[in-house]
Amino acid sequence: MSAVAAGEKAHGVEAPPAPTFGQATKLWAKIGLLSFGGPAGQIALMHKELVEERRWIGEQRFLHALNYCMLLPGPEAQQLAIYIGWLLHRTAGGLVAGILFVLPGALVMLGLSIFYVLYNDAPVIDALFFGIKAAVLAVVVEAVIRIGKRALKNRVMVAIAVIAFLAIYVVRLPFPLIILFAGLTGWIGSRLAPARFSGAAHGKDNSPDVRGAVDLMFERGELTHTRPTKWHAPRTIAIWLPIWLGPVVLILALTGPASVWTQLGGFFSLMAVVTFGGAYAALSYVAQAAVTSFGWLAPGEMVDGLGLAETTPGPLILVLQFVGFVAAYRHAGALSPLVAGSLGALLTLWVTFVPCFFWIFLGAPYIEALRGNKALSAALTAITAAVVGVVMNLALWFALHVVFGVVHRVGLGMEVPVLSSLDWRAALLAAAAMVAMLKLKIGMLPTLAGSALAGLALLALPA
């Protein structure tokens, strides 16, 4: 299959041939195995492989696809992989790209989850996780700073972030409502004060456009599957909604509304609809529900799960797989706990990532209609500012449960630490991890490893 002739030129540079399905599959497998470092690192890796080295897709089309994925709930890096895979090789290409992006990390996460529930009571393992928790706090603080620099461009955005923080920390307002109110604020603001709500487009720079094989295929009209038809949306909805929600409905019918399986399927299906802003934004809401509402995990275990997710390739949202595993493991019923945990992890993966394929296959052909929509851009800008406040709450939540042994609830549910319960060892490790990441610019994985080893030494000392 050669959609682009070898001698064809683009801006004076010989155009690359379009990749075969096998070539693309090998690259998606490579990206899935190497996609450490969160969405920023994963998007940078795809840009390097797809735009710079292979020139399968042009610079501007890559960034336009990324803009669309940023509008969607769920992990934008995986959705970008699905989108480009779909461009190259239709639905099959999108499926392979999206599955291989998640599969390596999901397998590693399953192994780590099994190891965690079997051996986390061992003194050595407990000490390692003691250090990892402190490093995770530094990772989340770094995320607050990184997102804040990008999102809080004026006082209106700062105000939205502060209000979102107070709404979730003081009032305990649910995360989906915060996102809804922020989006409405941006939509209204685009009409009343458009200059305050005009976010810069992702990737907007002065670098020259790098055209790729896909761009030339578009110009020749070869990518007919990218053209929306009147039956596209009804057909996609009719196929993918049952694929996504069919197992959840079946589980509800077989096990009832109170079973852990129905709770997992329903809750994480909701998360797939409202997780704007990436994994860190969702984690605050997930932690609140998994720990407080459902009682699936203890507060420290949620931090442990994030630490495990930080060490695996693939989307950080794989921490939800850990939550699903532990919840089902502890509510196994007649099943073996390990079998139940594995099924819980699989169910959580299904309802978390199947919607990503649905969003891309449904909306990608209409992407041109979204380009330049100022109201939609303003809503996203306000949501991103609110996400900063939500992630600030997550950082505070982690800090309280990592550094203090006792936390009280006051008022509407605001958490306040008992100062006398301060663990100086955890505080010291967290401070050291922050210096390592924020000041010395040491990477996430070396910081996690160093903190884990330091935890071994410090836990031998008295609190």
Side-chain angles (χ1 to χ4, degrees), residues 1 3 18-35 39 42-43 45-46 49-50 54 56-57 61-62 65-66 68-69 72-110 213-214 217 222-229 231-248 268-269 272-273 275 312-315 317-318 320-321 345-367:
M1 173 178 146
T20 65
F21 189 82
Q23 290 171 331
T25 300
K26 290 179 181 178
L27 180 60
W28 295 125
K30 175 184 177 181
I31 290 173
L33 289 168
L34 298 178
S35 58
Q42 292 156 1
I43 292 169
L45 174 64
M46 281 190 280
E49 295 286 348
L50 294 163
R54 288 169 176 78
W56 288 355
I57 185 171
R61 196 170 296 280
F62 179 92
L66 176 58
Y68 173 61
C69 295
L72 301 173
E76 64 268 25
Q78 189 218 12
Q79 289 165 342
L80 180 62
I82 297 170
Y83 188 96
I84 297 174
W86 170 81
L87 275 179
L88 290 168
H89 298 108
R90 300 176 176 262
T91 300
L95 287 171
V96 167
I99 291 171
L100 291 180
F101 193 89
V102 171
L103 185 60
L107 293 175
V108 173
M109 195 66 181
L110 178 61
V214 167
M217 294 168 72
E222 296 174 359
L223 300 182
T224 56
H225 65 285
T226 64
R227 300 169 189 164
T229 66
W231 295 110
H232 171 77
R235 183 174 64 248
T236 304
I237 293 171
I239 293 172
W240 280 94
L241 273 187
I243 291 175
W244 168 13
L245 296 175
V248 179
F268 287 118
S269 290
V273 178
T275 50
T312 64
I317 204 73
L318 283 172
L320 303 187
Q321 176 191 350
L346 178 61
L347 173 61
T348 304
L349 284 172
W350 186 268
V351 296
T352 297
F353 291 106
V354 167
C356 295
F357 296 94
F358 173 54
W359 304 135
I360 296 300
F361 294 151
L362 176 64
Y366 305 103
I367 186 173

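- Ala345 meets the side chain to side chain contact (heavy atoms under 4.5 Å, CB included) test with Leu110, Gln321, Phe325; sequence neighbours excluded.
- Residues Glu76 and Leu80 form no side-chain contact, since every pair of their non-hydrogen atoms from C-beta on lies 4.5 Å or further apart.
- For the pair Val248 and Phe268, the minimum side-chain heavy-atom distance is 4.5 Å or more.
- The closest donor-acceptor contact from the side chain of His225 to the backbone of Thr91 lies at 3.5 Å or more, if one exists at all.
- In this structure the side chain of Ile84 never reaches within 4.5 angstrom of the side chain of Trp56, judged on heavy atoms.
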Could you pull out every donor-acceptor pair under 3.5 Å between side chains of residues 236-245 and any protein atom, sequence neighbours left out?
unit_1, atom_1, unit_2, atom_2, d
Thr236, OG1, His232, O, 2.8
Trp244, NE1, Ser269, OG, 3.4

**OP:** Apply side chain to side chain contact (heavy atoms under 4.5 Å, CB included) to Leu349 and Leu320, showing your working.
**Re:** CA-CA 8 Å; Leu349 284 172; Leu320 303 187; over 6 Å; no

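- In terms of heavy-atom proximity, Ile31 sits nearest to Met46 at CD1-CG, 3.9 Å.
- Taking Pro104 as the reference, Leu33, Pro313 meet the side chain to side chain contact (heavy atoms under 4.5 Å, CB included) condition, with sequence neighbours excluded.
- Using a 4.5 Å heavy-atom threshold, the side chains of Leu27 and Pro19 count as separate.
- Under the side-chain hydrogen bond (donor to acceptor under 3.5 Å, both in side chains) criterion, no residue pair touches residues 351-364, with sequence neighbours excluded.
- Gln79 approaches Pro73 most closely through the heavy-atom pair NE2-O, 2.7 Å.
- In terms of the side chain to side chain contact (heavy atoms under 4.5 Å, CB included) criterion, residue partners of Ala233 (sequence neighbours excluded) are, by chain and number, Leu362, Tyr366.
- Applying the ring-ring contact (aromatic ring centres under 6.0 Å, His included) test to Phe101 and every residue at least two apart in sequence or in another chain returns nothing.
- Here the side chains of Ile99 and Phe353 are not in contact, with every heavy-atom distance at 4.5 Å or above.
- Residues forming a side-chain hydrogen bond (donor to acceptor under 3.5 Å, both in side chains) with Arg90 (at least two apart in sequence, or on another chain): Thr224.
- Partners of Lys30 under the salt bridge (charged side-chain N to carboxylate O under 4.0 Å, His left out) rule, at least two apart in sequence or in another chain, are Glu49.
- Looking only at side-chain heavy atoms (C-beta outward), Cys69 and Ile360 come within less than 4.5 Å of each other.
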